[in-house]
Engineer: 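Sharing a structure with you now.
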Amino acid sequence: MLNQRLSDAEYFAGSEYSIADIAAFGWTHIAQICGFSFDHYPYLSNWHQKVAARPAVLRGIALPQPATGP
């Protein structure tokens, strides 16, 4: 469902980054930490990489320690 939505929109709520993307990123970030691959979901993968590169997101996943898994 997420991949399908992103096939015709840059972000979940449309053309601009919004609270919908902020909320979804937490789940996709944890999914990657747990080993889930986005290989079969190209639009979701591109979206995740784009959101993960945002300066505020980079700061957020670094506090209080990097959220990269065990």
Side-chain angles (χ1 to χ4, degrees):
M1 181 179 89
L2 300 177
N3 192 64
Q4 182 179 0
R5 170 62 183 140
L6 292 167
S7 70
D8 64 357
E10 188 173 357
Y11 296 101
F12 284 116
S15 62
E16 295 184 26
Y17 181 72
S18 73
I19 190 67
D21 302 289
I22 295 167
F25 180 80
W27 291 104
T28 60
H29 181 68
I30 294 299
Q32 275 199 324
I33 289 171
C34 294
F36 183 83
S37 171
F38 297 136
D39 289 348
H40 298 289
Y41 308 97
Y43 299 108
L44 182 61
S45 180
N46 290 339
W47 168 87
H48 182 85
Q49 291 174 19
K50 180 173 37 179
V51 172
R54 295 176 68 90
V57 173
L58 290 169
R59 289 191 306 271
I61 61 176
L63 297 171
Q65 59 186 5
T68 57

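Keep in mind it's a predicted model, so treat the numbers as computed, not measured.
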Engineer: For the atom pair CD1 (Ile33) and OG1 (Thr28), what is the distance rounded to the nearest 0.5 Å?
Structural biologist: 10.0 Å

Engineer: Please give me the minimum heavy-atom distance between Phe12 and Asp21, naming the atom from each residue.
Structural biologist: N-OD1, 3.0 Å

Engineer: Does the side chain of Leu2 reach to within under 4.5 Å of the side chain of Trp47, using non-hydrogen atoms?
Structural biologist: no

Engineer: Evaluate the criterion side-chain contact (heavy atoms from CB on, under 4.5 Å) for residue pair Glu10 and Glu16; output intermediate values, then yes/no.
Structural biologist: CA-CA 7 Å; Glu10 188 173 357; Glu16 295 184 26; over 6 Å; no

Engineer: Keeping the roles fixed (side chain from Ser7, backbone from Gln4), state whether a donor-acceptor pair exists under 3.5 Å.
Structural biologist: yes

Engineer: When clusters are formed by joining ILVMFWY residues with side-chain heavy atoms under 4.5 Å apart, either directly or through shared neighbours, do Leu58 and Trp27 land in the same one?
Structural biologist: no

Engineer: Suppose we screen for ring pair (Phe, Tyr, Trp, His ring centres under 6.0 Å). Which residues come up paired with Tyr17, at least two apart in sequence or across chains?
Structural biologist: Tyr11

Engineer: Can you tell me how far CD1 of Ile61 sits from CZ of Arg54, rounded to the nearest 0.5 angstrom?
Structural biologist: 13.0 Å

Engineer: Which pair of heavy atoms, one from Ala9 and one from Gly14, lies closest together, and at what distance?
Structural biologist: CB-O, 4.0 Å

Engineer: Under a 4.5 Å cut-off applied to non-hydrogen side-chain atoms, are Leu6 and Tyr41 in contact?
Structural biologist: no

Engineer: Roughly how far, to the nearest 0.5 Å, is the CZ atom of Phe25 from the NZ atom of Lys50?
Structural biologist: 13.0 Å

Engineer: Where does the angle between the aromatic ring planes of Phe38 and Phe36 fall among parallel (under 30°), tilted (30 to 60°) and perpendicular (over 60°)?
Structural biologist: perpendicular

